[in-house]
Amino acid sequence: MKVYKEKEVWFVTGSQHLYGAETLKKVAADSEVIARSLNEAGNIPVTVVFKPVLTTPDAIYKLCTEANVERSCVGLITWMHTFSPAKMWIRGLKSLEKPFLHFHTQFNQDIPWDTIDMDFMNLNQSAHGGREFGYICSRLRIDRKVVVGHWHDTDAVGKIAIWTRAAVAFDESRNLKIARFGDNMRDVAVTEGDKVSAQIKMNYSVYGYGVGDLVKEVNNTGDAEINKLIIAYGEQYSISKSDLGSDSIREAARIEAGMRSFLDKGGFKAFTTTFEDLHGLKQLPGLAVQRLMEDGYGFGAEGDWKTSALVRIMKVMAKGLPGGTSFMEDYTYHLDPKGMKVLGAHMLEVCPSVAAARPTLEIHPLSIGSKADPARLVFKSASGKGVNVSVMDMGNRFRMVVNTLEVVDCPEMKKLPVARVLWKPLPDLKTAAHAWILAGGAHHTGFSMAIGKDYIADYAAMAGIEMLVIDENTCIEKFREQIRWNELYYHLANGII
Ligand code: MN
């Protein structure tokens, strides 16, 4: 299903004039077949657009500059059907601002043993044409994606599908605006960071507002809009009649309407709040944040704009895939040696897209923040595979850390009035938490059961940021070593940026 049908990747084939017009005609025809096949692959979520075969430096440069300005184009897939002398690509690749994937494939799957002749050999040269192209990309130090395999190979096409989702998310981050209501939670370190560096690297921009600006919008909400939301709450969630008619729910609806209106007027797709700065709001926005997240907005609590942006980016990658994506926090451990687990939750703000069943809408006091009792959706998550992702400002660079998880069923916790998720981190809790802490990974994460580590790796490569993976293969000694080498690599590679 084309969930981003307005977005395109351009299928670009490299060749040259050496082989004559007939061969070039066949190259174009074959390329069109492959482009069409990728476009029709059910898991590729964007439109794959066939582009005429490139045979000169001028044509390559022109295509790359067109890709830069075409808003619908999120990236290129390049393929060398024949040999395409790669000096021709230098000017174009140096100017290209969109990510690209080098598809190292060939038209025929098998060698036609009985009929193969030199004409066939001249036409089907990707085995060495792809190497020439690979050399110039490496010589230019461009971190592109490489996928190897026949174009019918479901594993190869699956990798392309993941990369296109990351490319759409990278495109989203170029246009992403984050609204910050209030500043950071006082004294907290990991949620801080350099917003200028973040914009240079990850392109999104962060806009600060006094909470009073939001309060004004909340107070402008009319009764009709509030009543409409209360009816929706009654339909979507389990809630008692008396609670549904309470002042607390009415106030939660007012906050939701005001927040949504503020974000939409400003073109914001992500936001942060902080319980330390709620002046003029009667309760900490819980239900409002949960419902906005479910509609695709990114969120980070306590002023955490990096996680807010990350949650939005992960939600864009995950669009249309089964499984939810949420803001998350590692809250408390189950350290039973027979099966160690992490209980993930937040004060209120976990996205109902991860819920196993219909949430209940409840009103309970909050032990911090000294405000009125806030409304929140309470549920447990579905089980299955998941990831936690964190992004931190390490001073000289941003680091992403990903941990793969096995999300398990939550036992009943009758007295816990918040949404919750229970998981076993891979390879095991001791190793995963050890590695996460060595990496400086935050307590806040983007959590998803819809996407895996490969999506995040493709995104991190596009943004040119450090990426550390904690999964079934993690060994602490190797992980420490990787961190140490990365310190040196990024110090040298980043120059003065
Ligand atoms: Mn928190």
Side-chain angles (χ1 to χ4, degrees), residues 178-193 198 206 208 211 214 255 259 270-278 281 283-294 297-315 324-333 342-354 364-371 373-379 381 386-393 399-403 405 413 416-423 425 433 436-437 439-448:
I178 299 142
R180 236 171 144 234
F181 301 119
D183 201 281
N184 218 57
M185 180 176 166
R186 290 184 273 279
D187 280 337
V188 175
V190 76
T191 49
E192 285 284 9
V206 183
V211 75
L214 172 62
I255 292 172
M259 221 170 209
F271 65 104
T272 70
T273 59
T274 169
F275 69 91
E276 283 182 337
D277 188 357
L278 295 175
L281 284 179
Q283 52 178 268
L284 174 65
L287 177 64
V289 170
Q290 290 177 297
R291 285 171 54 85
L292 283 160
M293 255 197 285
E294 191 172 22
Y297 293 84
F299 173 74
E302 291 106 41
D304 188 349
W305 50 272
K306 294 193 297 299
T307 305
S308 177
L310 177 67
V311 169
R312 169 63 186 166
I313 286 161
M314 289 170 72
K315 279 183 174 284
T325 299
S326 179
F327 171 71
M328 189 57 64
E329 182 164 299
D330 294 75
Y331 227 104
T332 198
Y333 289 142
V342 183
L343 182 64
H346 205 259
M347 281 192 297
L348 306 173
E349 312 93 336
V350 174
C351 177
S353 66
V354 305
H364 299 279
L366 197 65
S367 45
I368 41 181
S370 59
K371 284 277 170 176
D373 300 351
R376 81 288 304 272
L377 296 170
V378 180
F379 54 85
S381 78
V387 282
N388 267 331
V389 188
S390 176
V391 57
M392 301 81 70
D393 185 341
R399 166 181 286 166
M400 260 189 181
V401 56
V402 179
N403 189 192
L405 318 168
M413 290 171 259
L416 187 71
V418 290
R420 72 294 299 261
V421 183
L422 189 66
W423 64 78
W436 189 276
I437 281 167
H443 53 288
H444 284 169
T445 56
F447 164 86
S448 181

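Just follow the structure's listing: the first ligand is 1, and inside any ligand the first atom is 1. No hydrogens, no waters, no symmetry mates; every other heavy atom, side chains included, goes into these values.
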Check the pair Val350 / Met328 against side-chain contact (heavy atoms from CB on, under 4.5 Å), numbers first and verdict last.
CA-CA 6 Å; Val350 174; Met328 189 57 64; 4.0 Å; yes

Single hit among Thr273, Asp277, Thr274, Asp183 for side-chain contact (heavy atoms from CB on, under 4.5 Å) with Val211:
Asp277

Close to the Mn ion (ligand 1), meaning under 2.8 Å, how many protein N, O or S atoms are there?
4

Given Arg420, Glu302, Gln290, His443, the one that forms side-chain contact (heavy atoms from CB on, under 4.5 Å) with His346
Glu302

Check against side-chain contact (heavy atoms from CB on, under 4.5 Å), Leu348 and Val289
CA-CA 9 Å; Leu348 306 173; Val289 170; over 6 Å; no

Show your reasoning for whether side-chain contact (heavy atoms from CB on, under 4.5 Å) applies to Met347 and Tyr331.
CA-CA 10 Å; Met347 281 192 297; Tyr331 227 104; 4.1 Å; yes

Assert yes or no for the condition that the ring centre distance of Phe327 to Phe447 is strictly below 6.0 Å.
no

